[in-house]
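Below, chain A is the first sequence line, B the second, and so on; all start at residue 1.
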Amino acid sequence: MTVRTRFAPSPTGYLHVGGARTALFNWLYARRHGGKFILRIEDTDEKRNTAEAHQVIYDGLKWLGLDWDEGPDMGGDYGPYRQSERSEIYAKYLARLEAGGHVYEDGGSIRFRSPRKPVVLEDMVCGRIEFDMSNPATHPDMTIRRPDGSFIFHFVNVVDDIEMKLTHVIRGEDHLSNTPKHIELYNALGEKPPVFGHIPLILNHEGKKLSKRDGGSSITYFMEHGYAPEAVANYLCLLGWSPGENREKLSMEEILALFDIDKINRRNAIFDLDKCFWLNGQHILSMSFERFVELAKPFVEKAGISYGSEAALLAALTIVKPKVKHLSDVPDWIGFLFTEEFTFDPEAVEKSLKKAGAAGRLQALIAALTKVEDWSHASLEAALKDTATTLGVKTGELVHPARVAVSGRSVGPGLYEMFVVLGKERTLARFARAALMAAA
RNA sequence: GACCCUAUCGUCCAGCGGUUAGGACACUGCCCUUUCACGGCGGUAACACGGGUUCGAAUCCCGUUAGGGUCGCCA
């Protein structure tokens, strides 16, 4: 039997990180077991069902590196993959329930009559759980169809999972309490329930279910704020799961090799943006230059930086990669390399350029750099350090004003790297301008 | 309220009957250094509580407390 898992989001217009993690775990499970991963859109609630809302889901999943074998955009043997297009199927299943005497009408809607027998769930993550269904007050007969003929989540979800031959249902723990209802439905339909796995929830800093309002709760946030998909996927996996050996940073390939659904713990996790951010820096640091270019370039283009030639852009990206932490910071970190119109950070000017003696030190540096023939990192470093020795000052006294002189700011790529990328002429011109500012 | 799940540093994750309770983020001290970063060496910081079981419990059992989830004609 081939493993078949699914991600079944509702098109709400944004992809929740919790949903993304659910998708990730389902994808991982399918891929690990040579199975299929299916995307199904649960859009029975028509009012929030738009093409853009679908696109957000596709974009988010693709961005994370998740691919699906069957879905609304590509079809498959068990479609359609949008619930809004599956009404006849639901009607057919409702007829089966009616024939079995499992439903009754209540004020125009149709309810499923619970057998009121204990339900036992063998959950991949939570283990064996027995539910007492005897109290109608806490386990009322669920509505499965509204008076207007539309169907309710619990019913369509089960029907679709049956129809699409899903073998494993991995979902958030918020569904754990709903599961006995679903199992009753499977039983009434004479179908074998899939294997369930309820994963712990992602909570915000208040310890509540992470909601739309919380910063960083949607995948779009990470896409826009310069996170690498592999870093976010890595972080999401670490919530509730550990590869062992105190490992933190893992590639998708490594995760795929190590991930195991029954090693997921059962406690909810609080989303920590700090750690995700750190992991992002780690991934950027160790990713290939090609990958970095691929991820950083869209941000550069979007910022409208006229970088001239491709070679010039690559040179700039090279010196920035070892230090930048957010891909979205790249435009800011390279912009000054391509224009003389860059802005000076007033605070940096005040602190470094206007510092007593800075003007004189810059002049000394100009004199020394002018004499440098071989405009290389090593020669430039030697020249600057010699100057510092001659002047009897710490290298920092030259480095700080020099950095502000060529970039206008106190943070950025390595100093000599910037000199090299700018070239001798532009570097010295910027120094001359800065010396004027320092003297003013 | 009923039912279900959970309980180790502030946060995430190790631990699976015998450990000086470990790693990571964050915070912080020192070193390196060319700012920021990176890196290196340290530090602060945890087994919710009470009963059992056992020679021995963070680990197993029960209870309490706390937190989360579900109880929709949302998904």
In Watson-Crick or G-U wobble terms, with both distances under 3.5 Å, the base opposite B:C49 is B:G63
Please state whether the phosphate of B:G72, meaning OP1 or OP2, lies under 4.0 angstrom from any side-chain nitrogen or oxygen of A:T143.
no
Pairing partner of B:U20, by Watson-Crick or G-U wobble and under 3.5 Å for both distances, is none
By the 4.0 Å heavy-atom rule, please label A:R111 as base, sugar-phosphate, or nothing.
sugar-phosphate
Just the rounded figure in Å: distance from C1' of B:C3 to CG of A:L121.
14 Å
Please classify the nucleic acid contact of A:H198 as base, sugar-phosphate, or nothing, using heavy-atom distances under 4.0 Å.
nothing
Watson-Crick or G-U wobble partner for B:G1, using a 3.5 Å limit on both distances?
B:C71
With rounding to whole Å, what would you report as the distance between B:C9 and B:A21 at their C1' atoms?
11 Å
Would you say A:S114 and A:H139 are linked by a side-chain donor-acceptor pair, where the criterion is simply a distance under 3.5 Å?
no
If I pick the C1' atom on B:A58 and the same atom on B:A7, what distance separates them, to the nearest angstrom?
11 Å
Under 4.0 Å, heavy atoms only, any strand: does A:L176 hit a base, just the sugar-phosphate, or nothing?
sugar-phosphate
Ranking A:H400 and A:W241 by the position along RNA chain B of their nearest nucleotide, the one closer to 5' is A:W241
Choose from B:C5, B:C25, B:G39 the nucleotide whose nearest atom is closest to any side-chain atom of A:D274.
B:C25
Counting heavy atoms from C-beta on, name the nucleotide in B:A75, B:G69, B:U34 closest to the side chain of A:E42.
B:A75
Base partner of B:C27, which must satisfy Watson-Crick or wobble distances under 3.5 Å
B:G43
Looking only at B:U11, B:A75, B:C5, the nucleotide nearest the A:I129 side chain is B:C5
Do A:N268 side-chain and B:G68 base share a donor-acceptor contact under 3.5 Å?
no
Can you tell which of B:C73, B:G23, B:A26 lies closest to the side chain of A:P147?
B:C73
Using a cut-off of 4.0 Å on non-hydrogen atoms, how would the nucleic acid contact of A:S410 be classed: base, sugar-phosphate, or nothing?
base
Note, A:L313 side chain near A:I334 side chain (heavy atom, < 4.5 Å)
yes
On RNA chain B, does the nearest nucleotide to A:H175 precede the nearest nucleotide to A:V399 from the 5' side, or the other way round? Give the residue.
A:V399
When we call it a touch if two heavy atoms are under 4.0 Å apart, what does A:G240 touch: a base, just sugar-phosphate, or nothing?
sugar-phosphate
When we call it a touch if two heavy atoms are under 4.0 Å apart, what does A:Y235 touch: a base, just sugar-phosphate, or nothing?
nothing
Among B:C25, B:A75, B:C73, the nucleotide that comes nearest once only the side chain of A:K275 is considered
B:C25
By nearest atom, which of the nucleotides B:U6, B:C4, B:C13 is closest to the A:S242 side chain?
B:C13
Can a donor-acceptor pair be found between the side chains of A:R146 and A:S150 at a distance below 3.5 Å?
yes
Is there a donor N/O on one and an acceptor N/O on the other, under 3.5 Å, for the side chain of A:R403 and the base of B:U35?
yes
Round to a whole Å and report the spacing from NE2 of A:H205 to C1' of B:C25.
11 Å
Complementary nucleotide of B:U33, counting Watson-Crick and G-U pairs under 3.5 Å
none
With a non-hydrogen cut-off below 4.0 angstrom, is A:P413 in contact with a base, only sugar-phosphate, or nothing?
base
Determine the Euclidean distance between corresponding P atoms of B:G39 and B:C71; express it in Å to zero decimal places.
45 Å
B:U11, B:C73, B:G39: which one has an atom nearest the side-chain heavy atoms of A:R146?
B:C73
Look at the aromatic rings of A:W375 and A:F419 and report parallel, tilted or perpendicular, splitting at 30° and 60°.
tilted
What is the nucleic acid contact for A:G396, judged by heavy atoms within less than 4.0 Å: base, sugar-phosphate only, or nothing?
nothing
A:D272 side chain, from C-beta outward: closest of B:A75, B:U11, B:C12
B:U11
Pick the C1' atom in B:U19 and in B:U8, then give their distance to the nearest Å.
14 Å
Nucleotide nearest A:N265 (side chain, heavy atoms from C-beta), chosen from B:U70, B:C13, B:C4:
B:C13
On the nucleotide B:U34, are OP1 or OP2 found under 4.0 Å from the side-chain N or O atoms that A:K385 carries?
yes
Check the orientation of A:H16 and A:Y14. Use parallel for under 30°, tilted for 30 to 60°, and perpendicular for over 60°.
perpendicular
Whole-Å distance separating the CZ atom of A:F336 from the C1' atom of B:U35:
12 Å
Using the C1' atom on both, measure B:C27 against B:A45 and round to a whole Å.
10 Å
Return the orientation label for the A:F196 and A:Y186 ring planes: parallel under 30°, perpendicular over 60°, tilted otherwise.
perpendicular
Give me the ring orientation class for A:F25 and A:F259: parallel if the planes are under 30° apart, tilted from 30 to 60°, perpendicular past 60°.
tilted
Atom CG of A:L203 and atom P of B:C13: how far apart are they, to the nearest Å?
11 Å
Identify whether any heavy atom of A:K394 sits under 4.0 Å from a base atom; if not, whether one sits that close to sugar-phosphate; answer base, sugar-phosphate or nothing.
nothing
Can you tell me the distance, in whole Å, between the CD1 atom of A:I202 and the C1' atom of B:C5?
17 Å
Watson-Crick or G-U wobble partner for B:G56, using a 3.5 Å limit on both distances?
none
B:C38 pairs with, by Watson-Crick or G-U criteria that keep both distances under 3.5 Å
none
What is the distance, rounded to the nearest whole Å, between atom NE2 of A:H16 and atom C1' of B:C74?
15 Å
Just checking, any donor-acceptor pair under 3.5 angstrom between side chains of A:K249 and A:S286?
yes
Considering just the side-chain nitrogens and oxygens of A:K209, establish if one lies under 4.0 Å of OP1 or OP2 belonging to B:U70.
yes
Pairwise C1' distance for B:A66 and B:U53, with rounding to whole Å:
25 Å
Distance check needed: B:A75 C1' versus A:H54 NE2, whole Å only.
13 Å
To the nearest Å, give me how far apart NZ (A:K181) and C1' (B:G69) are.
12 Å
Is any side-chain heavy atom of A:D161 closer than 4.5 Å to one of A:H182?
no
For B:U70 versus B:C62, give the span between their C1' atoms, rounded off to a whole number of Å.
25 Å
Below 3.5 Å, does any donor atom in the side chain of A:E248 face an acceptor in the base of B:G23, or the other way round?
yes
When the C1' atoms of B:A46 and B:G22 are compared, how many Å lie between them, rounded to an integer?
12 Å
Considering only B:U34, B:U70, B:G22, which nucleotide approaches the side chain of A:N246 most closely?
B:G22
Relative to A:F336, does A:R403 satisfy both conditions: NZ or CZ under 6.0 angstrom from the six-membered ring centre, and within 45 degrees of the ring's axis?
no
